[in-house]
Structures are given as C-alpha cells and as structure tokens.
Amino acid sequence: MKKTTSILTDSFGRKHTYLRISLIERCNLRCTYCMPEEGIKLSPRGHLMSYEEIYTIAKTFVDHGVTKIRLTGGEPLIRKDLPIILKKLSSLPVELSITTNAVIVDKFIDPLKSNGIKNINVSLDSLDAGKFKHITRRNEFERTYKNILLLVDEGFKVKVNAVVMKGFNDNEIIDFINFTKDLPVSVRFIEFMPFDGNKWNMEKMLSYDEIMQQVHTSFSEDQVERLTDEPNDTSKNYKIKGFKGSFAIISSVTNPFCDTCNRLRLTANGQLKNCLFSSSELDLLTNLRKGRPIEPIIKKAVEAKFKMRGGMDTIEKLQEPKLHSQNRSMITIGG
Ligand code: SAM
Ligand code: SF4
C-alpha cells in the first residue's frame with residue numbers, strides 16, 4: 001500500500017489521501033443552499049487553474065500519497081477543457097471520480113468511461129419536477145432524472161446526493177428510499193450545512209435522528225439493514241432488504257466524522273482548504289506560478305487543520321453566522 005509522507009499527516013495523525021479538486025466556480029443550476037441569491041463574485045479567469053496547473057498540483061499530492069481524486073465545482077461538466085483534464089489526471093495512479101448535477105452528463109459518457117471513471121455522485125434534491133425547479137432555480141428535472149437512469153444503464157456506480165431541508169423535501173425520504181427498490185443507486189441524505197450566503201439555520205435542517213425516525217414510519221427494524229461503511233466513509237449506510245439500491249445519511253452537523261477525515265480541498269482558483277468548514281486557505285497557485293515549491297505550503301495547511309469542522313466544534317459555534325460568513329459559499333469550495 002502507498003504511504004502518505006509526513007506533509008499529508010496532520011497533528012492528530014490523520015493521513016490525507018483524498019483530494020477534491022474544484023474545476024470551476026460557475027454552474028448551470030442555482031441551488032439555493034449552495035449559490036447565494038445575489039450570485040457570487042467570480043474569480044478573474046486568469047486566477048483560475050489551467051489544466052496544466054491542475055495536473056502539476058494533483059501530481060504533487062499523488063507523489064506524497066493521495067490515492068483518490070474527486071472532481072467537483074461549481075459544475076465540473078461545464079468546464080470546456082474537461083476531457084483534457086480527465087485525460088491528464090487519469091494518467092496518475094489514483095481512483096478518479098466526479099460529482100455533478102448530471103444535467104449534461106449524457107454528452108460525456110465516452111470521456112468519463114475512457115478515462116477510468118467508475119463512481120459518479122449526482123445531486124438530486126427532489127423527485128418532484130416543481131420542487132426541483134424551486135430549489136435549483138432552473139427547469140432541468142427531466143434531463144437530470146433521465147441522465148441518472150442513463151448513468152446506471154451505462155454501468156457507473158451512482159450515488160445520489162439529496163440535501164434534506166425541513167418544509168421542502170423532508171416529506172420525500174420514503175420516496176427516495178423507494179427509488180432504490182429497482183435501481184442500484186445509493187441515495188445519500190445530507191444534513192443541510194451552513195456556508196456563506198445560504199441562509200442556514202438549525203430549524204431548516206433535518207437531522208440524522210429525524211431522518212431515521214421517518215425511515216421507521218414505513219420500514220420496520222427488521223427490514224432496515226445496516227451496511228458496513230467503507231474506511232473514511234462520511235456516511236452511515238443502510239439498505240432495505242430486497243431492494244437493489246441502498247441509502248445513507250451524511251450527518252456533518254449532528255454527528256461529524258472528523259476523526260477519520262482524510263480529505264483536502266483545492267478550489268478552482270488554486271487555494272488549499274484543509275476542511276470544508278475552514279475559513280482559512282493557503283495559496284498554492286500563486287506560489288506555483290512564481291516557481292516556488294508548493295510542498296511547504298501543503299505541509300503548513302495540513303498541520304493547521306483543526307480537530308473538528310474547521311474549529312466550529314460545537315453546534316453553538318455552527319449557529320454563529322459570523323463564523324460561516326468567514327468561509328466561502330459552497331459553490332466556490334466544491335462539495
Ligand atoms: N455541481 C455539482 C453537484 O451539484 O453535484 C458539484 C458541486 S456541489 C457544490 C457538490 C455537493 O455539495 C452537492 O451534492 C450538493 O448537494 C452539496 N452541497 C452544496 N451546498 C450544500 C449545503 N449547504 N449543505 C449540504 N450539502 C451541500
Ligand atoms: Fe450548482 Fe452543484 Fe451548487 Fe447546485 S449544488 S448550484 S448544481 S454547484
């Protein structure tokens with residue numbers, strides 16, 4: 001097994017083997033929990049990583065022990081040079097995967113397959129076209145839904161991410177689970193998380209316990225099987241006996257998984273974030289462009305990682321708007 005070198009091991013002994021790279025700050029949807037209503041200030045084009053820079057930075061991480069890279073955004077599929085990025089990154093010895101809203105994924109089946117992508121995470125927050133339009137501010141339910149079916153048909157391992165919010169889609173938990181009856185997908189219910197500009201509050205969030213309570217209104221203890229989670233998994237996985245697919249809950253708010261965290265995030269403008277919730281970032285891109293080594297900066301970022309949620313280690317701190325507004329909006333972090 002490949003070893004992480006010390007620059008990727010933090011002060012709590014966590015080894016960082018998983019890098020998420022955001023390819024773009026723009027998106028073809030406008031999910032309310034991700035993109036602020038007023039939009040975001042985009043980085044000037046010249047401040048975004050080119051495909052060569054993405055490759056060079058990714059290779060440095062891989063040389064030090066990263067074994068998994070997930071491409072995200074914004075919407076990664078709307079980046080024009082995506083096929084080149086896929087090709088370059090697939091030459092590295094890593095498991096490459098992607099998170100997408102799937103609106104245009106039908107146009108990318110060949111480059112995704114030929115570059116070894118097997119796992120695709122797709123966002124879908126509602127099975128109702130009207131609600132989909134409301135949350136994404138775009139009328140793309142049909143295309144997204146059909147494309148999820150297409151991805152399954154094409155043999156990809158698909159996870160469907162649904163951010164659950166009270167009064168919006170909390171009445172769809174059972175519908176989503178029934179969606180896994182004949183379809184081999186994993187639906188992952190994600191607790192709504194606070195980021196800059198997304199009007200988060202605790203009352204809008206449906207917790208892990210509340211989700212499980214709903215599950216048990218339709219399925220008995222006997223029917224719900226607890227699956228073994230993968231190492232460093234952020235989700236608790238379940239399945240309804242006899243169903244082809246499974247479901248999971250990602251409880252970053254009520255039950256965070258920070259102890260086993262192995263993730264780092266690179267933003268589209270080349271900033272390294274050591275945690276989704278961290279308000280601090282270190283600039284890899286400028287240093288790379290100046291011809292300086294980036295390893296010392298990576299080391300510094302990893303060493304500075306807090307034990308839990310970027311220092312927001314209590315629910316009280318999470319509820320402090322000043323603390324989330326120091327962080328970016330999710331659309332510019334890359335989930
Ligand atoms: N556009 C792609 C997509 O939607 O899948 C990739 C980027 S998106 C930022 C990545 C993931 O972050 C999505 O699954 C989305 O649901 C999740 N996400 C965004 N904002 C969130 C929030 N406030 N709480 C929980 N998950 C969030
Ligand atoms: Fe776009 Fe994904 Fe954010 Fe929705 S969650 S606005 S699809 S980046």
Side-chain angles (χ1 to χ4, degrees), residues 20-40 42 70-79 82 97-105 108 119-126 131-141 143-144 147-148 151 156 158-166 168-170 176 185-202 204-208 211 234-235 248-257 263 265-268 273 276-277 309 312 318 321 324-325 327-335:
R20 295 207 163 185
I21 305 179
S22 172
L23 299 183
I24 191 163
E25 295 172 347
R26 289 180 296 114
C27 187
N28 45 358
L29 299 182
R30 292 281 179 281
C31 305
T32 56
Y33 51 75
C34 176
M35 168 77 111
E37 202 169 359
E38 62 283 9
I40 51 151
L42 293 168
R70 176 171 291 278
L71 304 177
T72 178
E75 176 45 42
L77 299 186
I78 65 170
R79 184 158 164 157
L82 178 74
S97 56
I98 195 162
T99 301
T100 170
N101 59 34
V103 175
I104 55 169
V105 81
F108 291 89
N119 300 311
I120 302 192
N121 290 3
V122 178
S123 294
L124 179 72
D125 304 305
S126 177
K131 279 195 193 177
F132 179 97
K133 186 173 176 193
H134 176 79
I135 195 85
T136 64
R137 306 178 182 120
R138 294 289 183 273
N139 198 7
E140 295 287 6
F141 176 77
R143 280 214 278 180
T144 306
N147 277 343
I148 291 176
L151 288 174
F156 291 100
V158 179
K159 291 181 179 167
V160 172
N161 290 338
V163 178
V164 191
M165 284 167 288
K166 278 192 187 149
F168 171 66
N169 57 358
D170 55 338
F176 267 114
V185 296
S186 168
V187 171
R188 306 185 322 155
F189 301 113
I190 307 180
E191 287 181 351
F192 178 34
M193 299 182 277
F195 296 100
D196 189 32
N198 77 353
K199 302 193 176 131
W200 183 86
N201 71 52
M202 199 69 186
K204 290 186 195 159
M205 192 202 69
L206 200 72
S207 68
Y208 174 91
I211 293 171
T234 55
S235 52
I249 305 175
I250 302 184
S251 53
S252 325
V253 175
T254 63
N255 201 352
F257 29 79
R263 286 147 204 253
R265 290 183 154 80
L266 181 63
T267 65
K273 281 181 84 72
L276 189 54
F277 291 102
R309 271 190 317 232
M312 292 193 280
L318 261 188
H324 354 130
S325 62
N327 195 357
R328 292 168 173 243
S329 299
M330 184 62 143
I331 187 137
T332 65
I333 301 176

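Note that ligands are numbered from 1 as they come in the structure, with each ligand's atoms numbered from 1 the same way.
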Over 12 foreign heavy atoms within 6.0 Å of CD, Glu38: yes
Closest non-hydrogen atoms of Thr32 and His134, given as atom of the first, atom of the second and distance, are CG2-O, 4.3 Å
Is there a donor-acceptor pair under 3.5 Å between the side chain of Arg137 and the backbone N or O of Arg30? yes
With distance as the sole test, does Arg70 use its side chain to make a donor-acceptor pair with the main-chain N or O of Ile98 at under 3.5 Å? yes
Short question: side chain of Asp125, backbone of Val163 - any donor-acceptor pair under 3.5 Å? yes
Donor-acceptor pair, Lys131 side chain versus Phe168 backbone, under 3.5 Å? yes
Note every protein N or O atom lying under 3.5 Å from an N or O atom of ligand 1, pairing the names and giving the distance.
unit_1   : atom_1 : unit_2 : atom_2 : d
ligand 1 : 1 (N)  : Gly74  : O      : 3.0
ligand 1 : 1 (N)  : Glu75  : OE1    : 3.1
ligand 1 : 4 (O)  : Ser123 : OG     : 2.9
ligand 1 : 5 (O)  : Thr100 : O      : 3.2
ligand 1 : 5 (O)  : Ser123 : OG     : 2.7
ligand 1 : 14 (O) : Ser123 : OG     : 3.0
ligand 1 : 14 (O) : Asn161 : ND2    : 3.2
ligand 1 : 16 (O) : Tyr33  : OH     : 3.4
ligand 1 : 23 (N) : Tyr33  : O      : 3.1
ligand 1 : 23 (N) : Met193 : O      : 2.9
ligand 1 : 23 (N) : Asn198 : ND2    : 3.2
ligand 1 : 24 (N) : Met193 : N      : 3.0

Within the distance-only criterion (no hydrogens, no angle test), does the side chain of Thr136 pair as donor or acceptor with the backbone N or O of Arg138 below 3.5 angstrom? yes
Can you count the protein N/O/S atoms lying under 2.8 Å from atom 4 (Fe) of ligand 2, leaving waters out? 1
Would you say that more than 12 heavy atoms from the other residues, nucleotides or ligands in this model lie under 6.0 Å from the CZ of Arg26, or not? no
Glu75-Thr100 side chain donor-acceptor pair, cut-off 3.5 Å: yes
